[in-house]
Amino acid sequence: MLDPKYLRGDIQQTAEKLKRRGFELDVNSFIELEEKRKSLQVRTQELQNERNVRSKSIGKAKASGEDIQPLLAEVGKLGDELDSAKAELSVLLDEITALSQSIPNLPDDSVPQGEDEAGNLEISRWGTPREFNFEIKDHVDLGANLSKGVDFDAGAKLAGSRFVVMRGQVARLNRAIAQFMLDLHTEEHGYEETNVPLLVNQESMTGTGQFPKFEGDSFHTKPATEEGQGLSLIPTSEVPLTNIARDEIYSIKDLPLKMTAFSPCFRSEAGSHGRDTRGLIRLHQFEKVELVQLVEPTTSFDALEELTGHAEKVLQLLELPYRKMLLCTGDMGFGACKTYDLEVWLPAQDTYREISSCSNMLDFQARRMQARYRGAHGDKPELLHTLNGSGLAVGRTLVAILENNQQADGSVTVPEVLWPYMGGLEKIG
RNA sequence: GGAGAGGUGGGUGAGUGGCUGAAACCAGUUCCCUGCUAAGGAACCGUACGUUUAUUCGUACCGAGGGUUCGAAUCCCUCCCUCUCCGCCA
């Protein structure tokens, strides 16, 4: 959620910034709503004040044994007026909240203008794509030939399309990747290993910005609108990790808070029918090691560089060529103010594909969650800044290793840093 | 899942209809005193929104949401959570 002052004071300028990312803010109707809210709120409070004052005088009159009947009659009329004012106000507030929650974050000035991924800016490249002197296979064929290590038929039978069964050395390699990443981030990069619920409530989904706008992208145990509040399967552990800070006030001494978690992620992939239908790239269930930082506002852009670097380190140690992209205004996520994507080289697709996305959300999520910190002395609590990034997507890392490290005979070499996690195995297949 | 007990400010914990935005204690901040990093004393010490701005004042919030009432932390209902016992179970 944006700072209300952006929607009151210089709303026109805010609308311009939102336009950069293709969001049309209805300025006039918002101003109208705000003005109505203001006058209605003042009137409601005045009525309440009057009621409170008179009720108190009734109490005193009663205590001193006076006749309170005339007073009662007088206050009686106030009630109805107050009730209707209250009701009107609450409708209005709901409307404003709904509108506010549907507005995306403002893009940072450093973010390039663009409509879609074509507008993203390449920042840097690392590594050189390998030259193959044989006909290369993609990870689906490679995996299938590794003793059915990657089995989409079984996945489809069990759950449907976009699900997979992994076996044997491939399944182990998948686990090794996740273990390696967790160890790296906890031992080298200062993140606390965290194990989180995979099902979360609506407050959590709202806190990080998935709800109410993107309900269709997640799986729910019950319709989220139904009475009794269904839980949602997390689309990323960013949701539980970040929501740990919801309604908390941290001491500045505890910042920055750096957490990492390995978790399955569940996405309904609504609206992506026909995209990446082959292989492990886009599944309903995948695994990811997530990095989350909660920081003081002044340090969040530095933290974004640092966090992105932590994700890059994984790729470097795995010796996978990648490039770093600065997302343009049109390609950024709803709550992000600035996002770097890391794209790994996939030889079979002859292109770079997203394997990590690292974002600074500023106070956008913190405001929704009321996640705050208190500076020195008895300062007022202030909203902290939240960041998150994949470090990395495990399935896509597996894809990258399979494809980049394939040999002519269909075997795959294991990156050296993973040997300890593979029981010393240097090659699979 | 069943039975019982609870959810109050950073913490402990009073408060069963008006004088309670909330006692007391602890922690914290500031000041005073004291010749030592001790002891003592005083004041301050929730959040949000609105209003005003030398200074204010108002409203809401005692797990959440409804209800009763002129008036609710206090009474009623629903839900959530915690604890104890039982059941079940990885």
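Labels below follow one simple rule: chain letters A, B, ... track the order of the sequence lines, proteins then strands, and each chain is numbered from 1. Quick caveat: nothing in here was measured; it's all calculated off a predicted structure.
A donor-acceptor contact closer than 3.5 angstrom is absent between the side chains of A:S268 and A:D217. Side chains of A:Y6 and A:Q13: a donor-acceptor N/O pair is absent below 3.5 angstrom, by distance only. Between A:E312 and A:Y322, the side chains place a donor N or O and an acceptor N or O closer than 3.5 Å (distance only, hydrogens not considered). A:Y421 and A:D183 share a donor-acceptor pair across their side chains, judged by distance under 3.5 Å alone. Using modelled atom types and a 3.5 Å distance limit, the side chains of A:T260 and A:H185 yield no donor-acceptor pair. Judged by distance alone, the side chains of A:Q210 and A:T208 do bring a donor and an acceptor atom under 3.5 Å apart.
For the segment residues 84-97 of chain A, no residue has any heavy atom less than 4.0 angstrom from an atom of RNA chain B. For RNA chain B, the residues of residues 33-40 of chain A within the heavy-atom distance limit of 4.0 Å (strictly under) are A:R37, A:K38, sorted by number.
If you take CD on A:E16 and CZ on A:R20, they are separated by 11.0 Å, rounding to the nearest 0.5 Å.
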Run the salt bridge (charged side-chain N to carboxylate O under 4.0 Å, His left out) check on A:E34 and A:R37 step by step: do they pass? CA-CA 5 Å; A:E34 264 299 313; A:R37 191 215 92 231; 2.3 Å; yes
Can you list the steps and then say if A:F266 with A:H220 is a ring-ring contact (aromatic ring centres under 6.0 Å, His included)? CA-CA 10 Å; A:F266 305 90; A:H220 311 289; over 10 Å; no
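Distance A:E203 CD to B:C81 C1': 12 Å, rounded to the nearest Å. Rounded to whole Å, atom C1' of B:C80 lies 14 Å from atom CG of A:D247. Atom CG in A:D83 sits about 11 Å away from atom P in B:C70, given to the nearest Å. Between the CD atom of A:Q202 and the P atom of B:C80 there is a distance of 13 Å, rounded to whole Å. Here B:G17 presents its C1' atom at 14 Å from NZ of A:K56, a figure rounded to the nearest Å.
A:E305 pairs by the salt bridge (charged side-chain N to carboxylate O under 4.0 Å, His left out) definition with A:K324, not counting sequence neighbours.
Spacing of C1' atoms, B:G2 relative to B:G87, comes out at 7 Å, to the nearest Å.
Aromatic ring centres of A:F364 and A:F334: separated by under 6.0 Å. Remark: aromatic rings of A:F219 and A:H284 are close, center separation under 6.0 Å.
The pair A:E343-A:R396 does not meet the salt-bridge criterion, since no charged nitrogen lies less than 4.0 angstrom from a carboxylate oxygen. Looking at A:R282 and A:E269, a side-chain N of the basic residue comes within less than 4.0 Å of a carboxylate O on the acidic one, giving a salt bridge. One finds a salt bridge joining A:K288 and A:E290 here, because a Lys/Arg side-chain nitrogen approaches an Asp/Glu carboxylate oxygen to under 4.0 Å. A salt bridge links A:R278 to A:D141: at least one charged side-chain nitrogen sits closer than 4.0 Å to a carboxylate oxygen.
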Close N or O pairs between protein and nucleotides 73-76 of chain B (under 3.5 Å):
none

Between the protein and nucleotides 59-61 of chain B, are there any N/O to N/O pairs under 3.5 Å, and if so, what are the atom names and distances?
{"residue": "B:U59", "atom": "OP1", "partner": "A:N49", "partner atom": "OD1", "Å": "3.0"}
{"residue": "B:U59", "atom": "OP1", "partner": "A:N52", "partner atom": "ND2", "Å": "3.2"}
{"residue": "B:U59", "atom": "O3'", "partner": "A:Q48", "partner atom": "OE1", "Å": "3.4"}
{"residue": "B:U59", "atom": "O2'", "partner": "A:Q48", "partner atom": "OE1", "Å": "3.0"}

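Closest to the side chain of A:K62, from the set B:A48, B:G18, B:C49, is B:G18.
Here A:R372 lies in heavy-atom contact (under 4.0 Å) with sugar-phosphate atoms only.
Scanning RNA chain B for stems, defined as runs of 3 or more consecutive Watson-Crick or G-U wobble pairs whose donor-acceptor distances all fall under 3.5 Å, gives the following ranges: B:1-7 with B:80-86, B:10-12 with B:24-26, B:28-32 with B:40-44, B:46-50 with B:57-61, B:63-67 with B:75-79.
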